[in-house]
Amino acid sequence: MKRHNRLVHTALLTAATCAFITACSSGSGGESDQPDAGQSSGEDGGAISLSITANSIAGGKGAAEAEWIQDWVIPEFEKAQAQAGKDVTVTFIPQGVGDEDYKTKIALDFESGKSADVVGLDGIWIGEFAEAGYIKPLKEVVGDAVSQWDGWEQIPEAVQNAASFNDELYGVPVGADGRVLYYNRELFAKAGLPEPWEPKSWDDVLDAARQLKKLDGITPIQLNAGTAMGEATTMQGFLPMLVGTGEQLWENGKWRGDTPGMRAVVNLYKTIYVDEELGDPILQQESAGRDNSFAEFAAGKIGILLEGDYLWRSVINPAEGVGTAPIENREEVVGYTLIPAMQPGKGVRSQDFVSMSGGVARVLNPASAHPEEAWELLTFMSSPEAFEVRAKGTLSISPRLDVNEKLLPNEPMLTYVSENVLPITSYRPGVAEYPEVSVAIQQLTEDVVAGVSIDDALATYVSTLEGIVGAEAVASAN
């Protein structure tokens, strides 16, 4: 109930503003244009109407997805249903606004009973919407058909977690990504480091950074820190290291406070930025620090960089008009390897290697008048054929192994992430307080990089954390 009140309160506060901002609507009409979930225009056996909503719109944000839904999903699904003897009509309700505006809009839709049957939802929001009662586990909405879907066999359990909360599946993942350690092969050769590089522990990573420090004008390692880098600090810095200690940020209803794992990660930052000066603290303070770190890596001035496959696809990609910091001979210069746990076997689930992933899922409206057909629509959108059509021109990693095997043979880096990273990955906690906790973590790393002692930095973090989630929800070593 607490989460429900919080989410509804946020949505209602924003609703009045949204009424005056055209961006909060799809641009094709007001809320009155939106059909009730699964409304039927006839008696049983008659015409069935379903609807899909996503934060995408033709000619704007997520245009490729919007066009895929409108031009392929809807006509092909309606055709398939007709062949099965069903008269089904599907409507797409586009959005294409800022993430928080979209979140507010769909929260209001669920609250008012106006939600679409199939809803695109950021994986990090699933827990919050579940606790608010807006969405329910798929098996409660659909029944046995969920466990009988053969698509689950192609989606690794670790990837399914992107659409899960409290060990219950609430949706089907839309995409997948993963974090790795990138390294500059040319700098490694100059420093006398091995190729391929396959570190087995944090000590191995630090030892490589120490070797790279001997090269003039080189920053050995970039591990995102500070508030200026925002969520990139948490997702591409702190959390991959934390799961490498065997701890999750949120587990069994409690947040990590001053715990052994948190201390280990903070000490790692201190080693890199303060004690041994293996990283550049100035980059962590600049408003454009992350982009600048990309540019320096592309220019051969950073030896090791923790990032997602986004770096490969959209930053250092040499294809014309794609990469923001392209490396012409990317395949020859840039290597990538798994992120090791602090020590072998000490990662979450006793893993030797770890990663973090984000992603979007599609969920079902539990108030749908036609849950069976809504589930058929959701699984149709998650079929191999659907993913293959969606991938044209916008190739990325699919949550489905069979699709990746077919589409990624000429993309060794994406194949590497699909085959080696996704089975071991972890996800951010999808609960309401996470965004505020994430900012507190960013401040924690900023304090350490600035030279604040570990004890003082953690004490400030714990105090802030308790103010966000309550002292009773904070786990500590004492």
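Numbering starts at 1 and runs along the sequence shown.
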field: Side-chain ion pair, R263 and D455, N-O less than 4.0 Å
entry: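 Yes, this pair counts.
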query: Do NZ/NE/NH1/NH2 and the carboxylate oxygens of K136 and E168 come within less than 4.0 Å?
result: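 E168 and K136: not salt-bridged.
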message: Here's one to test your reading of the geometry: is the NZ or CZ of R390 within 45 degrees of the ring axis of W72 and under 6.0 Å from its centre?
response: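 So R390 doesn't make the cation-pi contact.
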When you compare the side chains of [X] and [Y], does any donor N or O come within less than 3.5 Å of an acceptor on the partner?
{"X": "Q284", "Y": "Q222", "result": "yes"}
{"X": "E157", "Y": "N161", "result": "no"}
{"X": "Q442", "Y": "T233", "result": "no"}

Is a side-chain N or O of [X] found less than 3.5 angstrom from the main chain of [Y], in a donor-acceptor match?
{"X": "D352", "Y": "G345", "result": "yes"}
{"X": "S418", "Y": "L414", "result": "no"}
{"X": "Y416", "Y": "V421", "result": "no"}
{"X": "T460", "Y": "D456", "result": "yes"}
{"X": "W68", "Y": "A386", "result": "yes"}
{"X": "R428", "Y": "S426", "result": "no"}
{"X": "S438", "Y": "Y434", "result": "no"}
{"X": "K213", "Y": "G279", "result": "no"}
{"X": "S201", "Y": "D204", "result": "yes"}
{"X": "R362", "Y": "V119", "result": "no"}

Rounded at 0.5 Å granularity, tell me how far [atom1] in [X] sits from [atom2] in [Y].
{"X": "I304", "Y": "L187", "atom1": "CD1", "atom2": "CG", "value": "10.0 Å"}
{"X": "E277", "Y": "I272", "atom1": "CD", "atom2": "CD1", "value": "13.0 Å"}
{"X": "L212", "Y": "I302", "atom1": "CG", "atom2": "CD1", "value": "11.5 Å"}
{"X": "L378", "Y": "L364", "atom1": "CG", "atom2": "CG", "value": "5.0 Å"}
{"X": "E286", "Y": "N292", "atom1": "CD", "atom2": "CG", "value": "5.0 Å"}
{"X": "D101", "Y": "K105", "atom1": "CG", "atom2": "NZ", "value": "11.5 Å"}

Is the number of heavy atoms from other residues, nucleotides or ligands under 6.0 Å of [X] [atom1] greater than 12?
{"X": "D167", "atom1": "CG", "answer": "no"}
{"X": "E332", "atom1": "CD", "answer": "yes"}
{"X": "K61", "atom1": "NZ", "answer": "yes"}
{"X": "D144", "atom1": "CG", "answer": "no"}

Summary of salt bridge (charged side-chain N to carboxylate O under 4.0 Å, His left out) pairs that have at least one residue in residues 307-317, sequence neighbours excluded: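 Salt bridge (charged side-chain N to carboxylate O under 4.0 Å, His left out) check on residues 307-317 returns R290-E307, D309-R313.
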Taking all non-hydrogen atoms of both residues into account, name the closest pair between [X] and [Y] and its distance.
{"X": "G300", "Y": "I218", "answer": "O-CD1, 3.4 Å"}
{"X": "F110", "Y": "S115", "answer": "CE2-OG, 3.3 Å"}
{"X": "N317", "Y": "R330", "answer": "CA-NH1, 3.5 Å"}
{"X": "Q236", "Y": "L223", "answer": "O-CD1, 4.2 Å"}
{"X": "V172", "Y": "A163", "answer": "N-CB, 4.1 Å"}
{"X": "A176", "Y": "V159", "answer": "CB-CG1, 4.4 Å"}

Option from F129, W125, F165, Y170 for which ring pair (Phe, Tyr, Trp, His ring centres under 6.0 Å) with Y134 holds: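 For Y134, the ring pair (Phe, Tyr, Trp, His ring centres under 6.0 Å) check succeeds only for F129.
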query: What orientation do Y269 and Y273 show, parallel under 30°, tilted 30 to 60°, or perpendicular over 60°?
result: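 Parallel.
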- prompt: Between F188 and Y183, how do the two ring planes meet: parallel, tilted or perpendicular, split at 30° and 60°?
  reply: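 Aromatic pair F188/Y183 classed tilted.
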Quick check: do [X] and [Y] have side-chain heavy atoms less than 4.5 Å from each other?
{"X": "M262", "Y": "Y461", "value": "yes"}
{"X": "D280", "Y": "K301", "value": "no"}
{"X": "Y336", "Y": "P412", "value": "yes"}
{"X": "Y310", "Y": "D177", "value": "no"}

field: Step-by-step side chain to side chain contact (heavy atoms under 4.5 Å, CB included) determination, L138 to W149
entry: CA-CA 12 Å; L138 288 173; W149 182 47; over 6 Å; no
field: Option among L181, I221, L311, N224 that satisfies the side chain to side chain contact (heavy atoms under 4.5 Å, CB included) test with L306
entry: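 Exactly one candidate clears the test, L181.
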task: Not counting sequence neighbours, which residues clear side-chain hydrogen bond (donor to acceptor under 3.5 Å, both in side chains) with S357? List them please.
output: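 Expected list: T425.
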- request: Kindly determine whether E247 and T259 satisfy side-chain hydrogen bond (donor to acceptor under 3.5 Å, both in side chains), including the steps that lead there.
  value: CA-CA 9 Å; E247 293 186 11; T259 62; 2.6 Å; yes
field: Residues that E388 engages under salt bridge (Lys or Arg N to Asp or Glu O under 4.0 Å), provided they are two or more places apart
entry: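 For E388, the residues satisfying salt bridge (Lys or Arg N to Asp or Glu O under 4.0 Å) (neighbours in sequence not counted) are K406.
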